[in-house]
Colleague: 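Can you keep this structure in mind? I'll have questions shortly.
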Amino acid sequence: MGRRIIIDTDPGQDDALAILLALASEQALEVAGITTVAGNVQVEQTTVNALRICQLAGRDDLPVHAGCAAPLMRPLHTAEFICGSDGLAGMALPAPRRRANPGHAVNFIVDTLLASDRPLTLCALGPLTNIAMALRLAPGIAGTIDRLVIMGGARDLGNITAAAEFNTFVDPHAAAIVFDAGIPITLFPLSATYQAVASPARLTGFDGSGPVQAQILSMLRRERPGGASLGGGEGHPMHDPCVIAWLLWPDLFEGRDCRVDVETTEGPTVGRTTIDWWGRSGQAPNAHVVGQLDADAMFLRMADAVRTLDVAPTPIRQVT
Ligand code: BDR
Ligand code: CA
């Protein structure tokens, strides 16, 4: 029986690859559902995108619940300048055949955690608004989460401001709540995910022979709006797939336990994560922070995994 996960996400191209990787890994990961949040684009669009990605993978049976439309305290900042107006620039996916499931994402997270007969892992690929709301609504869920794996924060420079990474910048108050909740956390900050750049050499494993790989290749080869100035250099950084890859192949990653604090005060450093890599604060660690990864191996394994969505297409599974 695989690890049971919920994917909380704001697709987003790198979110899309992360979701496809999870859906291609059914032996290891049982996806209980996808919850969407405002981030890269508005939540209406991240929800449509989650449905489009499920459809591409033949998984119209998978619950998709729409979540929070705005951060807890701040106005929403989106990233169309990177993701395109529909959030999935580079992919050409048809409109979804179905709508999102009824019920708010926050309720789905709480209900699924409380009803699950085995521990559940949360994968957070966007701003942490839904997860913070779930913790406020039902604090008892903290004890039912075996691990929360987060893409967010930065050990050094940010990508949306000089100080902050996009996900923690969009909802720093939510991030502060989550890091304070006493949940076992694995964190992928930018210093780790910028190692996972989709360079031309790393794309050779994707042969483009089926519709899923063709969409992935088209997305990964699209022009980079920010150019090398936004980090990555040779290709698009695949931040969010690191979260799923860590669950599948922990041997590819190294990190250490650290104290992580999030800046919530408005100003030039809002959303900055202070990651106490050298343990200077004397405070107890609240996250395992990934420092290094073997990106060449990760891309090879991702290509092998997602190929299965094309090679052995499952009949389209729909809710009956
Ligand atoms: C993060 O921000 C989003 O734009 C990406 O999907 C990723 O989750 C990287 O800073
Ligand atoms: Ca994301």
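For reference, positions follow the sequence shown, starting with 1. Atoms within each ligand, like the ligands themselves, are counted from 1 in listed order.
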Colleague: Is it true that Asp146 and Arg3 make a salt bridge, defined as a side-chain N closer than 4.0 Å to a carboxylate O?
Modeller: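 The answer is yes: the pair qualifies as a salt bridge.
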Colleague: Among all protein heavy atoms, pick out the one at the shortest distance from atom 3 (C) of ligand 1; state its residue, atom name and that distance to 0.1 Å.
Modeller: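 Here the closest protein heavy atom is Asn40 OD1, 3.2 Å.
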Colleague: Give a yes or no answer on whether the side chain of Arg222 reaches the backbone of Met219 with a donor-acceptor pair at less than 3.5 Å.
Modeller: yes
Colleague: Can Arg155 and Glu165 be counted as an ion pair, charged N to O under 4.0 angstrom?
Modeller: no
Colleague: Answer yes if the side chains of Thr129 and Asp171 hold a donor-acceptor pair under 3.5 Å, and no otherwise.
Modeller: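 Thr129 vs Asp171: donor-acceptor pair found between side chains.
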Colleague: Taking heavy atoms and a distance under 4.0 Å, where does Ile160 meet ligand 1: side chain, backbone, both or neither?
Modeller: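 The answer is neither; Ile160 stays 4.0 Å or more away.
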Colleague: Is it true that some N/O/S atom of Asp240, main chain or side chain, lies under 3.0 Å from the Ca ion (ligand 2)?
Modeller: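 Here the distance criterion (N, O or S atom, under 3.0 Å) is met by Asp240, so yes.
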Colleague: Taking the six-membered ring for Trp, are the ring centroids of His239 and Phe188 within less than 6.0 Å of each other?
Modeller: no
Colleague: Under 4.0 Å from a heavy atom of His239: give me the atoms of ligand 1 that qualify, with their elements.
Modeller: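 Numbered from 1, ligand 1 contributes 9 (C).
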Colleague: How close does the nearest protein non-hydrogen atom get to atom 2 (O) of ligand 1, and which residue and atom is it?
Modeller: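 Minimum-distance protein heavy atom for atom 2 (O) of ligand 1 reads Phe166 CD2, 3.4 Å.
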Colleague: What atoms of ligand 1 come within less than 4.0 Å of a heavy atom belonging to Met151?
Modeller: 1 (C), 7 (C), 8 (O), 9 (C)
Colleague: List the steps, then state whether salt bridge (Lys or Arg N to Asp or Glu O under 4.0 Å) holds for Arg301 with Asp296.
Modeller: CA-CA 9 Å; Arg301 293 187 195 184; Asp296 290 340; over 6 Å; no
Colleague: Considering non-hydrogen atoms of the protein only, which is the closest contact for atom 6 (O) of ligand 1, and what is the distance?
Modeller: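 Heavy-atom neighbour on the protein nearest atom 6 (O) of ligand 1: Asp14 OD1, 2.6 Å.
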Colleague: Show me which atoms of ligand 1 lie under 4.0 Å from any heavy atom of Asp15.
Modeller: 6 (O)
Colleague: Show your reasoning for whether side-chain hydrogen bond (donor to acceptor under 3.5 Å, both in side chains) applies to Asp8 and Thr35.
Modeller: CA-CA 5 Å; Asp8 189 68; Thr35 52; 2.6 Å; yes
Colleague: How is the N/O/S atom of Asp10 that comes nearest to the Ca ion (ligand 2) named?
Modeller: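 That would be atom OD1.
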Colleague: I'd like to know: is the Ca ion (ligand 2) within the 3.0 Å range of an N/O/S atom from Ala18, strictly under that distance?
Modeller: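 No N, O or S atom of Ala18 is closer than 3.0 Å to the Ca ion (ligand 2), so no.
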Colleague: Atoms of ligand 1 less than 4.0 Å from Glu165 heavy atoms?
Modeller: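 With Glu165 as reference, the close atoms of ligand 1 come out as 1 (C), 2 (O), 9 (C), 10 (O).
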Colleague: May I ask you to identify, for Leu125, whether its side chain, its backbone, both or neither come under 4.0 Å of ligand 1 on a heavy-atom basis?
Modeller: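 It is the backbone that gets close, since no side chain atom is under 4.0 Å.
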Colleague: Asn159 heavy atoms, cut-off 4.0 Å: which ligand 1 atoms fall inside?
Modeller: 9 (C), 10 (O)
Colleague: For Asp10 and Thr46, run side-chain hydrogen bond (donor to acceptor under 3.5 Å, both in side chains): C-alpha distance rounded to whole Å, both residues' side-chain angles, the deciding distance at 0.1 Å, then the answer.
Modeller: CA-CA 5 Å; Asp10 62 337; Thr46 62; over 6 Å; no
Colleague: Considering all heavy atoms of both residues, which atom of Glu80 and which atom of Thr78 are nearest to each other, and what is their separation?
Modeller: OE1-OG1, 2.6 Å
Colleague: The Ca ion (ligand 2) as vertex, arms to O of Leu125 and OD2 of Asp15: angle to 10°?
Modeller: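 It rounds to 80°.
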Colleague: For Asp276 and Gln283, test the side chains for any donor-to-acceptor distance below 3.5 angstrom and give the result as yes or no.
Modeller: no
Colleague: Give me the nearest non-hydrogen protein atom to atom 8 (O) of ligand 1 as residue plus atom name, then the distance to 0.1 Å.
Modeller: Asp240 OD1, 2.7 Å
